[in-house]
Undergrad: 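Quick one: structure below, then a few questions.
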Amino acid sequence: MGSYKGEDQHRHHHHRNESNCVLVHGPIIVGAGPSGLATSACLKQQSVPSLILEKSDCIASLWQHRTYDRLKLHLPKQFCELPLLGFPHNFPKYPTKHQFISYMETYASHFSIKPRFNQAVIKAEFDHVLGFWRVKTQDFEYLSRWLIVATGENAEPVIPDIPGIDRFKGRVVHTSLYKSGSVFKNQRVLVIGCGNSGMEVCLDLCRFNVIPHMVVRNTVHVLPREMFGFSTFGIAMALVKWPKTGPIELKNVTGKTPVLDVGALSQIKSGKIKVIEGVKEITRNGAKFVDGQEKEIDSIILATGYKSNVPTWLKGCEFFTKDGMPKSPFPNGWKAETGLYTVGFTRRGLLGTASDAVNIAKDIGEQWRTIKECNDSNFNYLPQRNVVQNKVKK
């Protein structure tokens, strides 16, 4: 478990209905996904303890609870490794969902990372009087000099407001709850969204005698996952400045991920996946489209992506936009003021996460060693911590 002061004493106070406040020696990390785990591991390499708060009951909850069964990494494993520990050599080029979860669990075990689960952060705010971050969950209030936001770009599903969807009598499900096309066997399914998730869900549905109708509103950059046996992403990374307006640059500027085709494109060409321009409104039994068509539909799958949830709990901070993304673009979005850091908001996947984690750990590590040197020089730091605790109890 992360290093924080007086856990046993804290529990005793809790039972006596006294202050539920915990002073954390090292940084508080919000989120136990790949970003939180990578940062904790890098901090440990710097001899800095940390405490991870996770609202779910497990690490990598997005992967464990909100992904479909057939999911594989879209990129080769060398582009998805976390710092200090790579994938097992026997893993395939594109690890499966379950292999990636296994890697995350091994990673946490290897670095003895033990998050506090079922601790949903309700509010985090910097206390300018104490010089500490106050991080409140449903059970406790945690205090630390450093706060690391590791909830990432994909914390909450995006549920669009589509006219008429409330009166639709069939099933409506976001891809975060989609597991397999088996439950939609022989149905007429409308898939709203044409990113990687939308494409893969359509491909999965085809396996169960479904003819998916996929809504495509804007131009989509579709790339083959491999070219001549090489990863398209790897080639694009090597040639990132050519063309300047290509899919990789589009991702950097807009955050829109290019679609890496794993088979859906051929199904579209063969007519097994139908492409629809846009939905005008949902009816009780189907949908009306912008081209004037109207179709009966049994189920709707929302492949509409995810969003950051930072604005709902991080208060008094102008570092993030209203959409919950750092205002400073990569590579400068990992550090704010007053001990605030962010990891996993680079729009560059796990490569960006690894870069952020290393930078954050080095920066906090330098501060940590300075504080330690002051303590070794009889700097009055421990009494200061006691003052903080006393003030909190009042």
Side-chain angles (χ1 to χ4, degrees), residues 32-38 41 58-111 113 152-154 175-176 178-182 195-208 221-240 247-248 251 257-268 272-273 303 305-306 344 346-355 357-358:
S35 296
L37 298 180
C58 62
I59 63 169
S61 62
L62 178 66
W63 283 84
Q64 300 218 45
H65 296 324
R66 296 185 177 184
T67 50
Y68 36 94
D69 294 340
R70 75 184 306 273
L71 177 65
K72 292 183 179 180
L73 292 183
H74 295 128
L75 306 180
K77 60 184 180 181
Q78 67 264 30
F79 296 111
C80 302
E81 293 180 338
L82 299 185
L84 308 176
L85 183 68
F87 282 97
H89 293 299
N90 64 335
F91 273 28
K93 188 175 185 179
Y94 298 96
T96 66
K97 159 188 173 176
H98 300 291
Q99 287 172 326
F100 185 75
I101 293 171
S102 172
Y103 169 59
M104 290 289 95
E105 291 175 340
T106 299
Y107 192 90
S109 175
H110 180 82
F111 294 104
I113 301 171
E153 306 160 7
N154 302 317
T175 49
S176 60
Y178 178 95
K179 296 301 179 184
S180 168
S182 60
N196 282 304
S197 293
M199 290 282 194
E200 289 205 33
V201 164
C202 285
L203 189 60
D204 189 48
L205 288 170
C206 289
R207 299 166 53 213
F208 299 95
H221 284 265
V222 181
L223 303 174
R225 186 164 67 173
E226 293 194 344
M227 297 175 62
F228 310 111
F230 295 96
S231 159
T232 303
F233 180 81
I235 295 172
M237 288 292 290
L239 304 174
V240 71
I248 300 300
K251 168 70 171 176
T257 304
V259 174
L260 297 177
D261 179 49
V262 294
L265 204 55
S266 65
Q267 300 290 57
I268 292 173
K272 291 183 178 180
I273 297 175
Y306 296 84
T346 65
R347 290 175 170 159
R348 282 165 170 75
L350 293 172
L351 275 178
T353 287
S355 173
V358 170

Undergrad: If you take all heavy atoms of K272 and C206, which pair is closest and at what distance?
TA: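 In this case the closest contact between K272 and C206 is O-SG, 4.0 Å.
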Undergrad: Rounded to the nearest 0.5 Å, what's the gap from CG on L85 to CG on L37? Could you check?
TA: 11.5 Å
Undergrad: Does this structure show an ion pair linking R347 with E153, if we count only N-O contacts that are shorter than 4.0 Å?
TA: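 Result for this pair is no, no salt bridge flagged.
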Undergrad: Between NE2 of H74 and OH of Y94, what distance do you get to the nearest 0.5 Å?
TA: 10.5 Å
Undergrad: Could you grab the distance from atom OG1 of T106 to atom CD of Q99, nearest 0.5 Å is fine?
TA: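 Reported value, rounded in 0.5 Å steps: 11.5 Å.
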Undergrad: Testing the basics here: between P83 and Y107, what is the closest heavy-atom pair and its distance to 0.1 Å?
TA: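 Smallest heavy-atom distance, with atoms named: O-OH, 2.7 Å.
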Undergrad: Between I113 and A41, which heavy-atom pair has the shortest distance, and what is it?
TA: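 Smallest interatomic distance, heavy atoms only, reads CD1-N, 4.0 Å.
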Undergrad: Within a strict 4.5 Å, meaning less than it, do heavy atoms of the M104 and Q64 side chains meet?
TA: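 Contact flag for M104/Q64 side chains = no.
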Undergrad: Is it true that a side-chain atom of S102 and a backbone atom of H98 form a donor plus acceptor pair closer than 3.5 Å?
TA: no
Undergrad: Nearest heavy-atom pair of T353 and A38: which atoms, and what distance?
TA: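 Shortest heavy-atom contact: CG2-CB, 4.3 Å.
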Undergrad: Would you call the rings of Y178 and Y68 parallel, tilted or perpendicular, taking 30° and 60° as the class edges?
TA: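 Taking Y68 first and then Y178, their aromatic rings stand perpendicular (interplane angle over 60°).
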Undergrad: Under a 4.5 Å cut-off applied to non-hydrogen side-chain atoms, are F111 and L82 in contact?
TA: no
Undergrad: If I take atom CZ from residue F208 and atom OG from residue S180, how far apart are they, to the nearest 0.5 angstrom?
TA: 4.0 Å
Undergrad: Taking all heavy atoms of C202 and all of I273, pick out the closest pair and write down the distance.
TA: CB-CD1, 3.6 Å
Undergrad: Look up atom CG in L62 and atom OG in S176, then write down how far apart they are to the nearest 0.5 Å.
TA: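 Going from the CG atom of L62 to the OG atom of S176 covers 8.5 Å.
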Undergrad: Compare every heavy atom of C80 with every heavy atom of L350, then report the nearest pair and how far apart it is.
TA: CD1-O, 3.4 Å
Undergrad: State whether the side chain of K179 and the backbone N or O of T67 hold a donor-acceptor pair below 3.5 Å, judged by distance alone.
TA: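 Checking the backbone N and O of T67 against the side chain of K179, a donor-acceptor pair under 3.5 Å is found.
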Undergrad: Is any side-chain heavy atom of S355 closer than 4.5 Å to one of T346?
TA: no
Undergrad: Under a 3.5 Å distance rule, please check whether N154 uses its side chain to pair with a backbone N or O of Y306 as donor and acceptor.
TA: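 Here the side-chain-to-backbone pair does not exist.
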Undergrad: Distance from W63 atom CH2 to C58 atom SG, nearest 0.5 Å?
TA: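 SG of C58 is found 13.5 Å from CH2 of W63.
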Undergrad: Any heavy-atom pair between the side chains of F100 and F91 that's under 4.5 Å?
TA: no
Undergrad: So, the side chain of Y103 versus the backbone of E81: is there a donor-acceptor pair under 3.5 Å, distance only?
TA: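 It does not hold such a pair.
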Undergrad: Excluding sequence neighbours, so at least two apart, what forms side chain to side chain contact (heavy atoms under 4.5 Å, CB included) with S109?
TA: none
Undergrad: With sequence neighbours excluded, tell me which residues meet side-chain hydrogen bond (donor to acceptor under 3.5 Å, both in side chains) with H110.
TA: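 Partners of H110 under the side-chain hydrogen bond (donor to acceptor under 3.5 Å, both in side chains) test: none.
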